[in-house]
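Protein chains get the first letters and strands the later ones, always in sequence-line order, with residue 1 at the start of each.
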Protein chains: 2
Amino acid sequence: MPAASAQSVIDLLRAKGLRMTPQRRAIVAEIMSASGHITPVTVARRVEDRVPGVNPSTVYRTLDLLEDLGVLSHAHLESGAEYHRRAEATHVHLTCSRCGADDSLSIGEAAALEAVVSRHRGFQPDLTHFAISGVCARCQREHARPSPRRGSRSAARPS
Amino acid sequence: MPAASAQSVIDLLRAKGLRMTPQRRAIVAEIMSASGHITPVTVARRVEDRVPGVNPSTVYRTLDLLEDLGVLSHAHLESGAEYHRRAEATHVHLTCSRCGADDSLSIGEAAALEAVVSRHRGFQPDLTHFAISGVCARCQREHARPSPRRGSRSAARPS
DNA sequence: GTCGTTGCAAAGCGTTTGCAACTAT
DNA sequence: ATAGTTGCAAACGCTTTGCAACGAC
């Protein structure tokens, strides 16, 4: 499913009268080929490999632009903000607060959740915007361990 | 339901052999009297009123300490990290991405959600850790408006 | 030639840290 | 006296901004 290729994004930008610079091409290529979510910092790092010298601010500006155009969306995971193709915004992230494992709900499961929430005063949730934190089955089994959340603030992530 | 008073927290700290400084007293008093959630910055500002000169780093260190001791928890809302009494961690936050309105699910609704999620490979969710973003009923009705998310990055909040 | 885009450098913001001075016990 | 705490100041990590130079069209 070519849920929007890099080329289609370039076409969209052109149609809007916007310009295709080498930097922008590289950023679009990177984000459209990335699977799942990716942080701005990671985009910047990878783009740097393709086109040395690309400034982080250019990356941020481009991500904002693509989000405004509806191509991208961002979500808040344990590790901070992450971008993903909007067409792929079907992932409801489950993040284990102990081991950091990242899983996601199926479309069906997500729909069931949405139904429950929307019953609350007609609130229409976007379950992809924030992750759902919790403890994965594996970590629950290992509950003998005193649960690593004392002391160091870094069991799995920022949390 | 005295879900842990400022005094009980002080007693706990004492029992742990920790010390009660005026700064710490003020911070504990502030956070234990706050209803719902509060940001570290707000805590710092309010504590400053009680005991002028309290350094923000002291606030952060104390919040961390109280979280380690199990008195507090933090959650990620649209506006960033917020702390709340752990005993009060029953709020599943619903945040409207358009108007910024903040609502919360009832215990029952939260339980229903939890049931759905936990069916997924035994993942035990903590639905209080991240807010649930979406569009409230009122904003849905006003959908004639072109939806304020172009241009300025500040429709309601950081989003 | 226009006007969108970029790099640069600085600033912003919330948070963290090292360390010496301080103080509750 | 001892160890927990604090203030200070600096650093941090990520993101944003103003502005002049640049370059896609």
Side-chain angles (χ1 to χ4, degrees), chain A residues 9-28 37-48 50-69 72 74-83 151-154 157-159, chain B residues 9-28 37-48 50-69 72 74-83 151-154 157-159:
Chain A
V9 173
I10 291 176
D11 292 344
L12 173 63
L13 290 170
R14 280 236 175 74
K16 291 276 180 183
L18 300 174
R19 296 169 187 173
M20 286 311 306
T21 63
Q23 295 91 330
R24 194 167 275 177
R25 272 179 212 288
I27 295 169
V28 168
H37 43 85
I38 185 172
T39 69
V41 170
T42 301
V43 173
R45 185 161 39 68
R46 293 192 187 163
V47 167
E48 171 73 29
R50 298 181 185 234
V51 182
V54 175
N55 195 285
S57 64
T58 299
V59 172
Y60 284 104
R61 286 188 279 228
T62 303
L63 291 176
D64 271 1
L65 173 66
L66 295 178
E67 182 161 30
D68 282 348
L69 291 178
L72 302 179
H74 73 268
H76 298 288
L77 308 190
E78 289 285 355
S79 43
E82 307 237 350
Y83 285 80
S152 159
R153 200 130 325 295
S154 51
R157 289 302 139 131
S159 145
Chain B
V9 173
I10 292 176
D11 291 344
L12 172 63
L13 290 170
R14 282 237 174 74
K16 292 274 179 182
L18 301 173
R19 296 170 187 174
M20 287 313 304
T21 63
Q23 295 92 328
R24 192 166 277 177
R25 270 179 212 288
I27 296 169
V28 168
H37 42 86
I38 186 171
T39 68
V41 170
T42 301
V43 173
R45 184 162 39 67
R46 293 192 186 163
V47 166
E48 172 72 30
R50 300 182 184 232
V51 181
V54 175
N55 195 283
S57 63
T58 299
V59 172
Y60 285 104
R61 287 189 277 229
T62 303
L63 290 177
D64 271 0
L65 172 67
L66 295 178
E67 182 159 29
D68 282 347
L69 292 178
L72 302 179
H74 72 269
H76 298 286
L77 308 189
E78 290 284 356
S79 42
E82 307 238 351
Y83 284 79
S152 158
R153 201 129 323 296
S154 51
R157 290 302 142 131
S159 146

Can you name the side-chain hydrogen bond (donor to acceptor under 3.5 Å, both in side chains) partners of A:Arg61, sequence neighbours left out? A:Ser57

Partner set under side-chain contact (heavy atoms from CB on, under 4.5 Å) for A:Ala44, not counting sequence neighbours: A:Val59

For B:Leu12, which residues count as a side-chain contact (heavy atoms from CB on, under 4.5 Å) partner, sequence neighbours excluded? B:Lys16, B:Leu69, B:Val71

Quickly work out the B:Asp11 CG to C:dT25 P distance and round it to whole Å. 12 Å

Going by side-chain contact (heavy atoms from CB on, under 4.5 Å), name the residues that satisfy it together with B:Arg50, two or more places apart in sequence or in a different chain. B:Ala26, B:Ala29, B:Glu30, B:Ser33

Measure from OH on B:Tyr60 to P on D:dT6 and round the result to the nearest Å. 16 Å

Heavy atoms only, 4.0 Å cut-off, all strands: where does A:Arg25 land among base, sugar-phosphate and nothing? nothing

Mind calculating the distance between CG (B:Asp64) and C1' (C:dG14) to the nearest angstrom? 13 Å

side-chain hydrogen bond (donor to acceptor under 3.5 Å, both in side chains) partners for B:Thr58, two or more places apart: none

So, taking the atom named NE2 in B:His74 and the one named CG in B:Leu63, what distance separates them when rounded to the nearest 0.5 Å? 11.0 Å

In whole angstroms, the gap separating C1' of C:dT25 from CZ of B:Arg14 amounts to 10 Å

Letter per nucleotide, 5' to 3', of nucleotides 3-11 of chain C [B base touched, S only sugar-phosphate touched, - untouched; heavy atoms, 4.0 Å]: BBSBBB---

Rounded interatomic separation in angstrom, taking CD1 from B:Ile10 and P from D:dG4: 20 Å

Let me test you: for the helix from C:dG1-D:dC25 to C:dT25-D:dA1, what is the angle between the axes at its two ends (five pairs each), rounded to 10 degrees? 20°

A:Thr42: what forms a side-chain contact (heavy atoms from CB on, under 4.5 Å) with it, not counting sequence neighbours? A:Ile38, A:Thr39, A:Arg45, A:Arg46

Hits for side-chain hydrogen bond (donor to acceptor under 3.5 Å, both in side chains) against B:Glu82, two or more places apart or cross-chain, chain-then-number order -> B:His37, B:Ser79

